[in-house]
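Whatever order the structure lists them in is the order used to number ligands and atoms, beginning at 1. One is the number of the first residue; the rest follow in order along the sequence.
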Amino acid sequence: MRKLFVGLSFLFFVFGFSQEKYPQDAFRSPVDIPMVLAGTFGELRSNHFHSGIDIKTQQREGLPIYAVADGSVTRIKVSLWGYGKVLYIAHPNGYTSVYGHLQKFAPKIQEFVKKLQYKKQAYEVEDFPDYAEIKVKKGEIIAYGGNTGGSSGPHLHFEIRSSISEKPTNPLLYGFEVRDATNPTLLKLYGFPLSDDARINQNKNTTAINFTRQQDGTFLADPVSATGTIGLGFVGYDRQDLAANHNGVYSVQQLVNGKVYTDYDFESFSFGETRYINTLIDYYHYGKYRQRIQRLYKAPGNRLSIYNKLENDGKIEVKEGLSYKVELLIKDYAGNETKAIIPIEGKTEPVKIDKDEEKTENYVIAKKPNNYDLGGAKVYFPANTFYDNFYIDLKTGEDTVTIHNNRVPAHRNFTITFDVSKYSEAEKKQMFIARLDSRLRPSHTSTYKRGNTFTTRTRYLGTYTLAKDTVAPKIRPKNFKEKQWLNNYHYLSLRITDDLSGIDTYSATLNGKWILMEYEPKTNTITYNFDDVILDEKECHLEVTVTDNVGNTNTFTSTFYRK
Ligand SMILES: [Zn+2]
């Protein structure tokens, strides 16, 4: 009896941790090909953690997508950005599955969406059907995989959320099979001197720590000399057996002399906290090198709930004469583990490289609102725009303001206001506030125009300038010509582009009636499907109107024949 009890508790210990909370057989795969991931749950992305898994669809669109269980479609959205065409299906067990970047929906859902699009005369629509209005069965084809929205290649973005709290959970917790026997990859190790007196290898700045691979597969760092309060961080990724994609790791642990100092994983997180990713990574390093260091300690402003355990916020107090053995364990969901050992010696050695901090006349206290009048432009940061205090670098030029640089993250929107009193009404109409990227290419920001001021709200530090767009968008047919017979054509497609401020709205009519044009900004293409409307006239007049973000408008007309 005792033996049985021990055996059972062992089983519970091994399999019981997180899976017992999640149903294991409730969901089938949303695809009928082996699940190969191009992205994992919790993966580090721009300003957010990835809230689902990205399932590869063999580099093509049109792969059937299946309902993972019986349920009811509770939300449908068609958007140019984000998830593109997306379906939300609520299941009786309290979970909602989400399917994003779809090419198109299955016929009965497609019909529902088309009706809505024609009623609202818009391509981008969103609807929350009543429960049981659109029922689906487990294994029913609900859509076809695509590349719509913010997607850079065909794949299915798949999520499992709590239907009530909408909190996303790691889909792999539900027993989906993904082949993975490959250990996570450790690319780099870093040390962060945190207290004023701290230094690592005689350096008061973020310091790279060299390491080598041992015979047993673990990594061993060169001995580190340090003093004061320090933190560690790493750069790494996970790769699965059948794909080259660099995916996010599942769990991270830091042990100091055998004691767990840091333990976090990506079982779930809430959308409300996802932007705090900017405190988990070293944003300065990210802004400078586009590489994400995951910190093993809690930096100021970090409100993430992903931690299972934190000792001293993951920070190590290094004392003179003592040695510390730090173990870093990085795991993927399948349990493959990469281990690194970092020996630290407490030694107060003279500083060779002093803190590289540029002091300016403006010190931002993150908790307080901060207002700057730069002459010609004003910048207002509400309280808690930033995670931490810092010396902000502000510069102005002719109709331009540079607000520090891209190495400091903003958690909240701040406002930039330009004085435009020197411009005429006609000029102001065609002007807008543009953000310049690192290569000084301008992009439109939503500009609120009131009297002699232009204002924009943004969460990106960097350079902003007043720009002027005088050229209307261009429209040209892609697959047809004027006065052509189009009997065997399934669709019409046109190319629409704008030189500077970007396309704001577009619309099209056929013989005076509104028609749906699906827009794909990635290819500058709008497409009409001839199945949408039955044409009773032989001679057809197409009219397409496109307006840019400052109101410059162009209209294209064409006549074609069809019977
Ligand atoms: Zn995704």
Side-chain angles (χ1 to χ4, degrees), residues 27 29-31 33-68 75-89 95-105 124 126 142-162 166-174 176-178 180 237-240 242-250 265-278 280-281 290 292 294 306 332-333 520-522:
F27 303 122
S29 169
V31 293
I33 54 171
M35 228 189 233
V36 182
L37 305 187
T40 49
F41 184 84
E43 191 166 296
L44 315 174
R45 302 274 176 96
S46 286
N47 302 305
H48 70 284
F49 294 105
H50 191 227
S51 53
I53 52 175
D54 287 342
I55 303 170
K56 291 167 85 90
T57 54
Q58 303 176 327
Q59 284 89 41
R60 62 188 172 94
E61 296 191 29
L63 196 81
I65 305 299
Y66 302 91
V68 293
R75 185 179 175 191
I76 305 172
K77 191 173 177 179
V78 177
S79 169
L80 296 176
W81 322 109
Y83 293 173
K85 294 182 187 176
V86 57
L87 274 182
Y88 296 71
I89 297 175
Y95 293 101
T96 293
S97 53
V98 182
Y99 313 77
H101 307 308
L102 303 169
Q103 178 196 49
K104 59 181 182 186
F105 303 107
E124 290 186 282
E126 181 170 21
I142 48 169
Y144 297 88
N147 188 30
T148 53
S151 168
S152 55
H155 74 273
L156 173 70
H157 172 89
F158 177 68
E159 289 182 18
I160 297 182
R161 299 181 182 184
S162 153
E166 294 196 324
K167 198 171 176 175
T169 47
N170 193 326
L172 299 184
L173 291 161
Y174 300 84
F176 295 109
E177 201 182 311
V178 178
D180 187 3
Y237 61 86
D238 186 46
R239 203 178 62 74
Q240 269 131 21
L242 303 170
N245 302 72
H246 291 192
N247 297 339
V249 302
Y250 179 66
D265 64 37
F266 293 103
E267 181 181 333
S268 73
F269 60 83
S270 68
F271 287 108
E273 66 179 308
T274 194
R275 198 174 175 89
Y276 287 104
I277 185 177
N278 292 336
L280 177 72
I281 64 168
R290 295 283 118 186
R292 296 180 174 98
Q294 299 194 44
I306 57 173
D332 60 22
Y333 186 80
E520 178 48 86
K522 291 194 284 284

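Considering just the N/O/S atoms of His157, the one nearest the Zn ion (ligand 1) carries the name ND1. Per residue Asp54, closest N, O or S atom to the Zn ion (ligand 1): atom name OD1.
Under the 30°/60° scheme for interplanar angles, the aromatic rings of His157 and His50 are found to stand perpendicular.
In this structure, Phe41 and Leu173 have side chains that are not in contact, with every pair of non-hydrogen atoms separated by 4.5 Å or more.
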Verdict with reasoning, Asn245 to Lys56, per side chain to side chain donor-acceptor pair (under 3.5 Å): CA-CA 10 Å; Asn245 302 72; Lys56 291 167 85 90; 2.7 Å; yes
Residues Val68, Tyr99; criterion side chain to side chain contact (heavy atoms under 4.5 Å, CB included); working and verdict: CA-CA 10 Å; Val68 293; Tyr99 313 77; 3.4 Å; yes
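At a cut-off of 2.8 Å, His101 does not coordinate the Zn ion (ligand 1) through any N, O or S atom.
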